[in-house]
Undergrad: 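Quick one: this structure, given as structure tokens, is what I'll be asking you about.
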Amino acid sequence: DGVNWTMTATLSGEVRDLYAGGPGLVAVSAGSAAGSGPVQILTSTDGITWTPADLDGSSGGTLRAVAGRGTDLVAVGNNLVAKSSDGFTWTGTSLLGQPELGINVWMHDVTVGGPGFVAVGGSEDGWSAAWTSQDGITWSRQSFGPTSGSWTQIIMTAVTTGGPGFVAVGQGTPPGI
């Protein structure tokens, strides 16, 4: 009801995002506040008891966001994406060594719409970035148009469908700093 809450201590690490779908609820965790611990994906049917999902190929990155389309669930993060068709078994794919996506890819958020999945974030070779994927495994980098003003080092942190397409917001360094 939004008024009464029950706390649970069954989740460990830094939980970055929740998604209602698939097996009930899906949470992605970086494993530690610094993102250096093991990546975790957890599922729950009641929001109180959480069970770790199986995640293969999760080395070399962290997860920050999760979204779903039909039976497909996709989690994105820093140099790592993961996909599942049931929420319990996930296949991770490292984005390292794919220069067409950017150097050190930081996907901060993901949503569903248009071509399938749309993620936003940044990378060391160009800061603001968006990526699209039809299947949640193979991603293509999209270019952003010019920003308003002369802001620098902008990183997109959230995206949603809205208006005539997608809306992304982020943070950056204002002019003169």
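All residue numbers refer to positions in the sequence shown, counting from 1.
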Undergrad: For a quick check under 3.5 Å, do D109 and T111 share a side-chain donor-acceptor pair by atom type?
TA: no
Undergrad: Answer whether the closest heavy-atom distance between the side chains of R16 and L63 falls below 4.5 Å.
TA: no
Undergrad: Please determine whether side chain to side chain donor-acceptor pair (under 3.5 Å) holds for the pair R141 and T132, giving the CA-CA distance in whole Å, both sets of side-chain angles, and the decisive distance to 0.1 Å.
TA: CA-CA 7 Å; R141 186 172 178 164; T132 57; over 6 Å; no
Undergrad: With L80 as reference, evaluate V39, L95, T62 under the side chain to side chain contact (heavy atoms under 4.5 Å, CB included) test and give the passing residue.
TA: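 That would be V39; it is the only one of V39, L95, T62 passing the side chain to side chain contact (heavy atoms under 4.5 Å, CB included) with L80.
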Undergrad: Taking side chain as C-beta onward, heavy atoms only, is V159 less than 4.5 Å from V167?
TA: no
Undergrad: Judged by atom type as modelled, is there a donor-acceptor pair below 3.5 Å linking the side chain of N79 to the main-chain atoms of V105?
TA: yes
Undergrad: If I compare all heavy atoms of H108 with all of G121, which pair ends up nearest, and what's the gap?
TA: CD2-CA, 3.7 Å
Undergrad: Within the 4.5 Å heavy-atom criterion, are F88 and P23 side-chain neighbours or not?
TA: yes
Undergrad: Can you tell me how far apart CG (L55) and OG (S84) are? Round to the nearest 0.5 Å.
TA: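 L55 atom CG to S84 atom OG measures 9.5 Å (nearest 0.5 Å).
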Undergrad: Same hydrophobic cluster for V112 and V81, using side-chain heavy-atom links shorter than 4.5 Å among ILVMFWY?
TA: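 Yes, one cluster joins them.
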Undergrad: Taking C-beta and beyond as the side chain, do L25 and Y19 meet within less than 4.5 Å on heavy atoms?
TA: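 Not touching, per the 4.5 Å side-chain cut-off.
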Undergrad: Could you check whether any side-chain N or O of S133 sits under 3.5 Å from a backbone N or O of F117, counting only pairs where one atom can act as donor and the other as acceptor?
TA: no
Undergrad: Hey, are the side chains of W139 and V74 touching, using non-hydrogen atoms and a 4.5 Å cut-off?
TA: yes
Undergrad: Supply the atom-to-atom distance M107 CE to N78 CG, rounded to the nearest 0.5 angstrom.
TA: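 Between M107 CE and N78 CG, I get 10.0 Å after rounding to 0.5 Å.
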Undergrad: State whether the side chain of K83 and the backbone N or O of L73 hold a donor-acceptor pair below 3.5 Å, judged by distance alone.
TA: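 No; judged by distance alone, with no hydrogens or angles, the pair does not exist.
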Undergrad: Quick one: pull up OG1 in T93 and CD1 in I137 and give me the separation to the nearest 0.5 Å.
TA: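 So the gap between those two atoms works out to 4.0 Å.
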Undergrad: Show the nearest heavy-atom pair for residues A53 and G87, with the distance to one decimal.
TA: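 Smallest heavy-atom distance, with atoms named: CB-O, 3.7 Å.
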Undergrad: Determine whether I48 and T6 satisfy the following criterion, side chain to side chain contact (heavy atoms under 4.5 Å, CB included), listing intermediate values before the conclusion.
TA: CA-CA 8 Å; I48 303 295; T6 302; 3.6 Å; yes
Undergrad: Looking at G122 and I155, what are the two nearest heavy atoms and their distance?
TA: N-CG2, 4.1 Å
Undergrad: Walk me through whether V110 and R64 qualify under side chain to side chain contact (heavy atoms under 4.5 Å, CB included).
TA: CA-CA 9 Å; V110 63; R64 298 186 64 90; over 6 Å; no
Undergrad: Does any N or O in the side chain of D17 come within less than 3.5 Å of the main-chain N or O of V66, such that one atom is a donor and the other an acceptor?
TA: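 Flag set: sc D17 to bb V66 pair under 3.5 Å.
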Undergrad: Do W90 and V26 come within less than 4.5 Å of each other through their side chains, counting heavy atoms only?
TA: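 The answer is yes; the side chains approach within 4.5 Å.
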Undergrad: Once rounded to the nearest 0.5 Å, what's the spacing between atom OG1 of T49 and atom CG of L42?
TA: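 Reported value, rounded in 0.5 Å steps: 12.0 Å.
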Undergrad: Can you check whether W131 reaches L101 side chain to side chain, under 4.5 Å on heavy atoms?
TA: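 Side-chain contact under 4.5 Å: yes.
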